[in-house]
Structures are given as structure tokens and as C-alpha cells.
Amino acid sequence: MASAVDVPKLVLNNDREIPAIALGTFLGFGKEGVVKSVDKELRDVVMKAIDLGYRHFDTASVYGTEKEIGEAVQMKISDGAITRDDVFITTKLWNTHHKREQVMQALKESLENLGTNYVDLYLMHWPMGLNDDYSHSDVDYMETWRGMEDAVKLGLAKSIGLSNFNKEQVERVIKEGDIKPAVLQIEVHLQIVQAELVSYAQSQGVIVMGYSPFGSLVTRFGETKPGPKIDDPTLMKIAQKYGKTTPQVVLRWLVDRKIIPIPKTVNPKRLKENIELFDFHLDDDEIELINGFDQHVRYTLPSFWQNHTYYPFEKVDNPIADPFVNKM
């Protein structure tokens with residue numbers, strides 16, 4: 001077996017360490033709602049990923065993948081391949097548990113699913129609270145943040161952070177909270193470079209994690225999106241210079257911006273390729289060149305929530321239908 005990649009770590013603002021790449025485990029959204037893993041496929045991918053050197057796994061209660069991640073980690077611990085301390089597990093609080101007292105209840109469910117007594121990082125998935133029937137809740141995300149802080153004080157989450165918050169919302173949590181967010185997880189790829197938000201977060205000592213890192217390079221849940229593809233000439237030229245693939249160049253572009261990419265794949269070849277990023281780096285001119293693809297295009301735009309008080313993004317004229325209603 002090829003030797004595992006030794007993934008570097010970044011230091012969080014609470015002095016804990018976080019691996020510089022995470023494996024994403026959201027399997028997508030289909031006609032029946034959130035796509036589920038079949039025949040333990042995800043569990044087996046996570047076990048293979050551990051063999052390759054992945055140590056950071058990103059999940060969320062709404063993904064329905066916590067159990068298989070937990071199984072994979074437990075099996076590898078039983079094999080003696082790793083200890084729990086070697087692995088960094090990130091999961092997220094869903095919008096229907098935004099009241100302070102609900103946060104702990106939701107986290108305990110996640111811990112049970114994961115088969116662990118703590119998570120390394122607990123993120124508030126969105127700033128908007130929802131009621132059980134998915135109607136809008138008026139719970140302020142600062143109340144939710146108090147519940148997240150409770151989790152740290154009880155040792156159930158080593159670090160806490162935010163996901164899909166805009167700059168003003170992050171500023172408010174930093175200003176009004178007792179514990180500073182350790183991480184901000186946002187969509188970052190060639191077409192949404194997020195220069196301002198990344199720069200602000202990093203200036204505050206908040207580590208940025210970037211989801212959907214491949215953007216338009218890959219089909220997204222069966223859909224081809226406009227934008228640069230794998231054979232884009234600018235990316236090809238950089239890839240050839242380093243003897244890498246264009247997806248590796250895009251992941252390295254994030255790493256060089258001190259952003260933790262969250263690539264996701266169940267393909268063994270790509271799983272290996274996606275972690276082989278730490279034997280080269282891009283120069284400043286190449287990073288600027290890649291930044292030039294920016295079009296401010298979001299793939300994750302839940303416009304069905306856009307009338308919520310705490311919706312973080314720009315509004316659109318024709319919001320899409322809410323896929324969560326009647327699907328959960």
C-alpha cells in the first residue's frame with residue numbers, strides 16, 4: 001500500500017490544530033430529498049480515505065452520513081490504524097434546532113450517530129432558524145450561538161464555528177459572543193473567490209473552510225454548470241508546469257490562500273489525487289490569475305428561505321421551491 005500523505009495542520013484561534021484538507025460527505029439532493037449512502041459505500045470511502053492520509057471529515061446532521069463516518073472511524077481505531085485523537089470530525093447543527101436548549105439535544109444526537117463523546121468542530125449550518133414544519137422561526141442566531149458556547153463549556157465540542165454566514169453576521173457573532181468562532185465554512189471555488197469575506201475572517205483569526213471547491217469543473221449532481229472546465233487552457237498550463245491535474249491546481253489554489261478545501265468524491269482514484277496537494281505550491285501570479293475567474297456565482301443559494309430575517313445572501317426574483325418541505 002502506498003504511504004499515506006502527511007497532511008499539514010493549521011492552528012485555530014483556541015490553539016487547537018485542524019488538518020488542511022477535509023473530505024466532504026454530503027451526497028447531494030435528489031427527488032426524494034437528501035441522498036443516502038447505499039450498502040455502506042460512504043463508510044468504505046472514509047476507511048479508504050483514512051488509509052490515504054485524510055484525517056478531517058466534514059458532515060452535518062442533515063446529510064444523514066454521521067453514522068457511516070462514525071463506523072469507519074471506529075473500525076480504523078479497532079484496527080489500530082488510528083486513535084480518536086488522530087481524527088478531526090466536523091458536524092453541523094441543523095436549522096430546526098436553533099433555540100438554545102435545542103442545540104445540546106441536537107449535538108447529543110450527532111454524537112450518538114458518530115459514536116464519539118465529542119466533536120472537534122461544531123458549526124451552525126445556517127444563520128436562519130426554522131420550526132419543525134420548516135416555517136420560519138424568529139430565533140436570533142445569537143441565542144443559538146449561546147447554545148454552541150454551552151457545548152464547548154461541557155466539552156462536547158472542542159471548537160465551534162459558523163457556516164454560510166455573511167460578513168455582517170460574522171462580525172456580530174465575534175462582537176457579541178463570549179467564544180470567538182474558530183472556523184467559517186463558506187462556498188469557495190473559481191467562480192466565487194470570496195476575497196472580501198475570506199480576508200475579513202482571516203484578519204479576525206477565523207479559519208476559512210471552502211465547500212464545493214471544484215465549482216464548474218465537475219458536474220454537480222448530474223448538472224453541468226457554465227464556467228471553466230477541467231480542460232481550461234489557463235488551468236492546464238499551470239497543471240502541466242507542476243505535473244498535476246487541473247482539479248489539484250484548484251485545490252492547491254485554496255490551500256495557498258490558507259483555506260481548507262472540502263473536496264468530495266467516492267471515486268478511489270480521485271480520492272487519492274485530491275489529497276496529493278502538499279508537494280507543490282502556486283506562485284502569487286498564478287493565484288491572481290485563478291482569482292480572475294471570479295463571477296460571484298453561488299451554487300448553494302437557498303432562495304426559498306430568502307424572506308427569512310437572517311437570510312445571508314442576495315435575493316433573487318424567482319426563488320426556487322423549498323425542497324425540504326414534504327421531503328424530510
Side-chain angles (χ1 to χ4, degrees), residues 5 7-13 18-22 24 56 58 161-168 170-171 181 183-220 224-265 270 273-301 312-314:
V5 172
V7 174
K9 294 186 171 89
L10 303 176
V11 181
L12 298 168
N13 58 28
I18 183 170
I21 186 171
H56 185 176
D58 179 82
L162 309 169
S163 174
N164 298 305
F165 275 54
N166 65 32
K167 184 176 175 227
E168 291 68 33
V170 176
E171 282 178 327
V183 167
L184 171 64
Q185 186 175 126
I186 52 175
E187 180 176 355
V188 189
H189 49 75
L190 295 177
Q191 293 187 286
I192 186 158
V193 171
Q194 299 268 30
E196 186 191 356
L197 185 50
V198 168
S199 171
Y200 169 71
Q202 292 177 342
S203 76
Q204 296 297 310
V206 177
I207 296 271
V208 177
M209 291 175 69
Y211 69 78
S212 302
F214 297 125
S216 59
L217 291 192
V218 296
T219 56
R220 312 202 57 77
T224 302
K225 300 283 188 181
K229 299 290 178 279
I230 278 184
D231 59 356
D232 178 87
T234 302
L235 298 175
M236 291 277 284
K237 190 175 173 190
I238 298 171
Q240 283 160 359
K241 172 180 165 184
Y242 295 108
K244 294 289 182 180
T245 65
T246 49
Q248 285 173 317
V249 165
V250 168
L251 292 176
R252 185 67 219 192
W253 165 71
L254 290 168
V255 169
D256 282 328
R257 294 175 64 205
K258 296 187 170 50
I259 297 169
I260 297 173
I262 316 170
K264 132 183 93 194
T265 183
R270 287 199 288 271
E273 187 182 296
N274 291 348
I275 200 176
E276 292 177 339
L277 308 177
F278 302 104
D279 53 357
F280 79 111
H281 61 86
L282 305 180
D283 62 38
D284 291 347
D285 291 346
E286 289 163 341
I287 292 168
E288 279 307 309
L289 199 59
I290 295 171
N291 287 348
F293 285 108
D294 195 13
Q295 299 280 326
H296 303 289
V297 171
R298 293 183 195 280
Y299 296 142
T300 298
L301 188 73
F313 305 145
E314 56 287 345

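In what follows, every heavy atom counts, from backbone to side chain, and hydrogens, waters and symmetry copies are set aside.
Scored by the side chain to side chain contact (heavy atoms under 4.5 Å, CB included) test, V255 finds R252, P261, L277, F278 as partners (sequence neighbours excluded). Applying the side-chain hydrogen bond (donor to acceptor under 3.5 Å, both in side chains) rule to R270 yields no partners; only residues at least two apart in sequence or on another chain are considered. With sequence neighbours left out, D58 forms a side-chain hydrogen bond (donor to acceptor under 3.5 Å, both in side chains) with K92, Q185. With sequence neighbours left out, the side-chain hydrogen bond (donor to acceptor under 3.5 Å, both in side chains) criterion links N13 to no other residue.
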Check your understanding: Do L184 and L162 pass the side-chain contact (heavy atoms from CB on, under 4.5 Å) test, and can you show the C-alpha distance, the side-chain angles, and the key distance before you say yes or no?
Key -> CA-CA 5 Å; L184 171 64; L162 309 169; 4.1 Å; yes
Exercise for review: Let me see the working for N166 and F313 under side-chain contact (heavy atoms from CB on, under 4.5 Å), right down to the final yes or no.
Suggested key: CA-CA 7 Å; N166 65 32; F313 305 145; 5.5 Å; no
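Aromatic ring orientation, H189 versus Y299: parallel (interplanar angle below 30°, classes split at 30° and 60°).
Annotation: the span from F165 atom CZ to L197 atom CG amounts to 11.5 Å, rounded to 0.5 Å. Interatomic distance, Q240 CD to T246 OG1, rounded to the nearest 0.5 Å: 10.0 Å. Atom CD1 of I186 and atom CD1 of I262 lie 10.0 Å apart (nearest 0.5 Å). Summarising the geometry, atom CG belonging to L10 is positioned 8.5 Å from atom NZ belonging to K258; distances are rounded to the nearest 0.5 Å. The CG atom of L254 sits 10.0 Å away from atom CG of L282, with the distance rounded to the nearest 0.5 Å. Atoms CZ and CD, on R257 and Q202 in that order, are 7.5 Å from each other to the nearest 0.5 Å.
Side-chain contact between L301 and E314: present, with at least one pair of heavy atoms (C-beta onward) separated by less than 4.5 Å. Counting only heavy atoms from C-beta outward, the side chains of I290 and V250 never approach each other to under 4.5 Å.
Here the closest non-hydrogen pair linking E276 and K244 is O-NZ, 3.0 Å. Summarising the geometry of P263 relative to N274, their closest heavy-atom pair is CB-ND2, 3.8 Å, with the distance given to 0.1 Å. The two residues P181 and G161 make their nearest non-hydrogen contact at CB-CA, 4.2 Å. For the pair P247 and I230, the tightest heavy-atom approach, listed with the atom from each and the gap, is CG-CD1, 4.1 Å.
Screening residues 280-290 for salt bridge (charged side-chain N to carboxylate O under 4.0 Å, His left out) gives K241-D283, K241-E286 as the qualifying pairs, with residues at least two apart or on separate chains. Listed by first and then second residue, the salt bridge (charged side-chain N to carboxylate O under 4.0 Å, His left out) pairs that reach into residues 184-203 are K167-E196, sequence neighbours excluded.
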Tell me which donor-acceptor pairs under 3.5 Å the side chains of residues 203-218 have, and how far apart each pair is, sequence neighbours excluded?
| unit_1 | atom_1 | unit_2 | atom_2 | d |
| --- | --- | --- | --- | --- |
| S203 | OG | Y200 | O | 2.6 |
| Y211 | OH | N164 | OD1 | 2.6 |
| S212 | OG | R220 | NH2 | 3.0 |
| S216 | OG | P228 | O | 2.7 |

Show which side-chain atoms of residues 231-239 pair as donor or acceptor with protein atoms under 3.5 Å away, not counting sequence neighbours.
| unit_1 | atom_1 | unit_2 | atom_2 | d |
| --- | --- | --- | --- | --- |
| D232 | OD2 | T234 | N | 3.0 |
| D232 | OD2 | L235 | N | 3.2 |

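Listed for the D294 side chain is a donor-acceptor partner under 3.5 Å among the backbone atoms of V193.
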